[in-house]
There are 4 protein chains.
Amino acid sequence: MPLSSDQQAEIDALRSETRQTLRATVPGMEAHLYKAYPVLDHGFVRVVDYMGDDAAICQAARVSYGKGTKSVQNDEGLIRYLMRHWHSTPFEMCELKLHVKLPVFVARQWIRHRTANVNEYSARYSILDREFYIPAPENLAAQSVVNNQGRGQALTGEEAARVLEYLKADSTRAYDHYAEMISDEGQQGLARELARMNLPANVYTQWYWKVDLHNLLHFLRLRADTHAQYEIRVYAEEICKLVADWVPFAYKAFEDYRLGAVTMSAQMVDCLRRMIAGEEVTEENCGMSKREWREFMGVVG
Amino acid sequence: MPLSSDQQAEIDALRSETRQTLRATVPGMEAHLYKAYPVLDHGFVRVVDYMGDDAAICQAARVSYGKGTKSVQNDEGLIRYLMRHWHSTPFEMCELKLHVKLPVFVARQWIRHRTANVNEYSARYSILDREFYIPAPENLAAQSVVNNQGRGQALTGEEAARVLEYLKADSTRAYDHYAEMISDEGQQGLARELARMNLPANVYTQWYWKVDLHNLLHFLRLRADTHAQYEIRVYAEEICKLVADWVPFAYKAFEDYRLGAVTMSAQMVDCLRRMIAGEEVTEENCGMSKREWREFMGVVG
Amino acid sequence: MPLSSDQQAEIDALRSETRQTLRATVPGMEAHLYKAYPVLDHGFVRVVDYMGDDAAICQAARVSYGKGTKSVQNDEGLIRYLMRHWHSTPFEMCELKLHVKLPVFVARQWIRHRTANVNEYSARYSILDREFYIPAPENLAAQSVVNNQGRGQALTGEEAARVLEYLKADSTRAYDHYAEMISDEGQQGLARELARMNLPANVYTQWYWKVDLHNLLHFLRLRADTHAQYEIRVYAEEICKLVADWVPFAYKAFEDYRLGAVTMSAQMVDCLRRMIAGEEVTEENCGMSKREWREFMGVVG
Amino acid sequence: MPLSSDQQAEIDALRSETRQTLRATVPGMEAHLYKAYPVLDHGFVRVVDYMGDDAAICQAARVSYGKGTKSVQNDEGLIRYLMRHWHSTPFEMCELKLHVKLPVFVARQWIRHRTANVNEYSARYSILDREFYIPAPENLAAQSVVNNQGRGQALTGEEAARVLEYLKADSTRAYDHYAEMISDEGQQGLARELARMNLPANVYTQWYWKVDLHNLLHFLRLRADTHAQYEIRVYAEEICKLVADWVPFAYKAFEDYRLGAVTMSAQMVDCLRRMIAGEEVTEENCGMSKREWREFMGVVG
């Protein structure tokens, strides 16, 4: 349970106060506001604010004085056209602000997406909580034997037990020492900015993360992908659900033209044409590397 | 008068519909929403949307679960501290979306601020309006004789009259030819993406411009400055008024620590100390170039 | 001929001086350095500096101490893998600096690519040259009747002649008045920052433009595309030639996986599988919009 | 000693091969190329490539065809003017590429500077080395009692000994378990992307970091500052030395107008004027908060 009762009370207070506004609002997103959706064992994602809706994308694309197009149907058609033809700027006109709690090793991947605004909890100034990510047994994966960057089957038996024991014991001991080092009882107390270096990368941190819809979708395309590390993918999948409720037309277009889409190389397109024309195309006569042929077969085979 | 009655009707429609929201709202900003504030002879600035308020800056700085600090006084103190010590990320947590109508030569300066989102009215796709910036007589300035990049006194008499005549006649003729070239009556009609090249840089364009508060304040510091070209400065000044109503604590801190602040070089600080200690510091013994000494005297003299 | 003899002399001086360096160099790029390659009637592109080569991409991808991989063959394989799997950061490790002369309406499209460094010739400070883009007759295209944003066949006969006459006469008159307004002979002289507003968008400007290889390839993908406006496409095509000589492996991968590649939507991939399995897929049973079906047929038909 | 003999051999190989180039070169920087300058106990900074020199800043500011200004003296004057008046784009025309080895907790601060290109050593793909930052005794600082974000005097005696013992023992144990978990001898072996989470934040990582001079100077202003954490400041100071040899005019201007400069608030400037006019200004009549008055006195007192 990631929230203390104080934190839950603060969230409840915010959700109890309704205000009047002239701005675009999205009922589906208002229902999510401030709530903490759990991710991993101690993490969460929660929407702190949002700007714009599907109509705002059209409004900006048309540089119009009022709302987007006259009819909802036109809005959807325009949004699909913009997505298909890589018009990115209208999608930048929507903005999302999230509060995320996540393990440090996930945060280190996440922060590589530079076009976003971030305020992270400062371990120079404040004391981190005693919370560490310990994988569920089914996520305790072995190194992949086919992909240097991936993972294979879950570990089992004694090996799994030993790994879990190491992760738990090392986290606990590291935090005990962290707490002891910064304590000022009967001693000076080590500077927090130094003591934090003893904590392992599965310790939880948290941040406010604000991003426009175009860059958010780019993040989701890479991080909700099956090749992404499981521990960041679960965050991306949770955010996908929020976006689907916030800008449903844009999200559907994103599913069709990005998430579910496939980019074919010049060689692949050539093979496709030959296959559709009835020619038998094989690994030998395809003009691709072994690896590309395998990827190609994975799509059309 | 920059708005057609259709456009005004669209704005009125948006202002007539109030919605419920759980998000942070700012009554002072709600009062501005959608209204077009005139700038120059045909331009305007209007707020299309905003995200956050003063409390949101504190909330992000503290990575808190609820609102910012408990008391309004603490919020102001924290905001002033953040501004004074160049903490930029909490200010990035507020976002503003404007619709701006402006001459092309102003747009060309404005767009150099890269950290913003822009959707400009497309003259490849649409037809530009017959609207050109013609300076008021008091703004028809001569080239400065002391600063290669500035302007001096207003032109007068025949010279002023001739300049105005050129600007008006050339704009009119250019637009007549533009309209004639793209017309498809009795001819094919030149492609819009080509015909636009005949229009001078005082023609009006418009765009949606979205920016976070940190980058907006940076824009305002440079463009509301007395060294900025008058025609962009008037836009910056209009936006300053909106920001003052939106995030009053942040804006006051911006006035004190940026707009009204002065950066002193290492040499200037050294001279200051000597002067305060009672020493007579002169252009000869100050260790600065002539130009720097003049700038220094402009501040403390 | 875009260069004055003074300018050519400066270029010749730079090309005559060889220096020693330990940095990565590319003979194919050294041959291009400083030369001005003509584009349109008065424009050009010239390489002012470059950083890195194909090996530098691999070196960064591996965070290695020395050069990239041991063998040239491995370098190419790695680069193709990185391009295919959207690893962008190693390509950001190469940088190109260009000096470009281009019409203002082309510059206005170009500048929308924000992730680049730009220094433009200042018309607040300096006087622009009397040089305007006047399209060659074969590029004097009509508005497209099928695509609101494109162009159709070239204009002919009287209409073409009239358009050319307008473009030439209006440019000439605008520049005459510009020159007369800023003149300080017998008058004060209008400020340059104001006088420039009388010049049409086909006047030439110039800038230094510096960009990393990843963002450059993104620019080239959009601007060397057949849907890009002809007047910017010719610049992109000229730059493509330079990049092909600078980082040949990366450029070849870019051709295969970007320029010549096709992104298929989820619906298109589904149709492909059905077609390859022998099913007859038609506009009626394909599950796409008319427009998407037409685009799909354009690829595989 | 941070480099293995293999790594040193690779560096030596690169330093032994001189090439011919027409590009701008800087002898002072060529002398640094590829060498690893030690920072902290296992870290280093080394220059992998650079683009431009002082003249390139002027060349871009003037959008010139050849080198910068005719005389070296003019170059320096122009560079100082550009720095003093916050013209940032000419400084963006120089670029630096570094290879840096640094503890993870330093990397996490460093990466917050978003306008840079980064390739980090991948612990999903590769195995991290057994190298941890252990502070020298004089840097084992206590938490500051006046500044929540800073550090005070060095710890001494038993407390210091205990802290060092914890840091060393926990690092060693964490790495032992990391190595044991990923081992595939007699077991499957945990995925590297998971095992890395057991390593504490003082483990060393490394990356290629590429940045333009404007953003580099911004980084140095914040990180070479006395308020920056010691462990990142030593990196900034090492880089300052490299920049001073690379672009000496720009670096000197940076020292005078940024590093050694002071920004005075509107209230401070007002007090200054009163003090210079002979008035006695005190904390009571200064119109500043206690904290600001203390900062002000720190500058002029």
Side-chain angles (χ1 to χ4, degrees), chain A residues 73 76-78 80-81 83-89 92 112-115 147-149 218 221-222 225 227-228 252-281 287-292 295-301, chain C residues 73 76-78 80-81 83-89 92 112-115 147-149 218 221-222 225 227-228 252-281 287-292 295-301:
Chain A
Q73 204 187 342
E76 178 161 25
L78 176 56
R80 293 181 72 80
Y81 174 87
M83 183 73 76
R84 201 159 70 243
H85 291 276
W86 305 91
H87 289 257
S88 54
T89 55
E92 295 175 11
R112 298 306 319 283
H113 295 263
R114 285 160 292 185
T115 313
N147 179 346
N148 279 331
Q149 197 171 316
H218 184 68
R221 178 158 74 112
L222 294 177
D225 187 90
H227 294 91
K252 182 66 173 65
F254 169 67
E255 282 192 320
D256 291 345
Y257 302 122
R258 296 286 185 280
L259 269 195
V262 172
T263 298
M264 303 270 185
S265 69
Q267 286 78 12
M268 289 180 183
V269 172
D270 180 58
C271 287
L272 272 181
R273 287 183 185 135
R274 290 160 60 196
M275 288 162 87
I276 288 169
E279 190 181 334
E280 188 172 359
V281 179
M288 300 182 220
S289 72
K290 255 186 199 197
R291 187 157 191 166
E292 283 179 80
E295 290 173 13
F296 180 61
M297 281 295 103
V299 176
V300 302
Chain C
Q73 204 187 340
E76 178 161 25
L78 175 57
R80 292 182 72 81
Y81 173 87
M83 182 74 76
R84 200 160 70 244
H85 291 276
W86 306 91
H87 289 258
S88 54
T89 55
E92 294 175 14
R112 299 307 318 283
H113 295 264
R114 285 161 292 185
T115 313
N147 179 347
N148 280 333
Q149 197 172 314
H218 184 68
R221 177 158 75 112
L222 294 176
D225 187 90
H227 295 91
K252 182 65 174 65
F254 169 67
E255 283 192 320
D256 291 345
Y257 302 122
R258 297 287 185 277
L259 270 193
V262 173
T263 298
M264 303 270 185
S265 69
Q267 287 77 14
M268 288 180 184
V269 171
D270 181 57
C271 286
L272 271 182
R273 287 183 184 134
R274 291 160 59 196
M275 289 163 86
I276 287 170
E279 190 182 333
E280 190 173 356
V281 179
M288 301 182 219
S289 72
K290 253 184 204 202
R291 186 158 191 167
E292 282 178 80
E295 291 174 13
F296 180 60
M297 282 294 104
V299 175
V300 301

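Computed from a predicted structure; not experimentally measured. Just so you know, these numbers use all the heavy atoms, side chains as well, and skip hydrogens, waters and symmetry mates. Numbered from 1 within each chain, the chains take letters A, B, ... in sequence-line order.
Contact tally against chain A (heavy-atom pairs below 4.5 Å) for C/Arg291, C/Glu255, C/Arg258: the top residue is C/Arg291. Per-residue counts of heavy-atom pairs under 4.5 Å with chain A were compared for C/Arg80, C/Arg114, C/Met268; the largest is that of C/Arg114.
Residue C/His227 does not touch chain A at all, counting heavy-atom pairs closer than 4.5 Å. With a 4.5 Å cut-off on non-hydrogen atoms, C/Thr89 touches chain A through its side chain but not through its backbone. When heavy atoms are compared at a cutoff of 4.5 Å, A/Val269 approaches chain C solely by way of its side chain, counted from C-beta outward. If you measure heavy-atom distances from C/Val299 to chain A, the contacts under 4.5 Å come from both the backbone and the side chain.
Residues A/Glu92 and C/Arg112 are not paired through a salt bridge, judged by the lack of any N-O separation under 4.0 Å between the basic side chain and the carboxylate.
Between A/His218 and C/Trp86, every side-chain heavy-atom pair lies at or beyond the 4.5 Å cut-off.
The stretch residues 260-267 of chain A places A/Gly260, A/Ala261, A/Val262, A/Thr263, A/Met264, A/Ser265, A/Ala266, A/Gln267 near chain C, each with some heavy atom under 4.5 Å from a heavy atom of that chain.
C/Leu222 CG to A/His85 NE2: the interatomic distance, rounded to the nearest 0.5 Å, is 13.0 Å.
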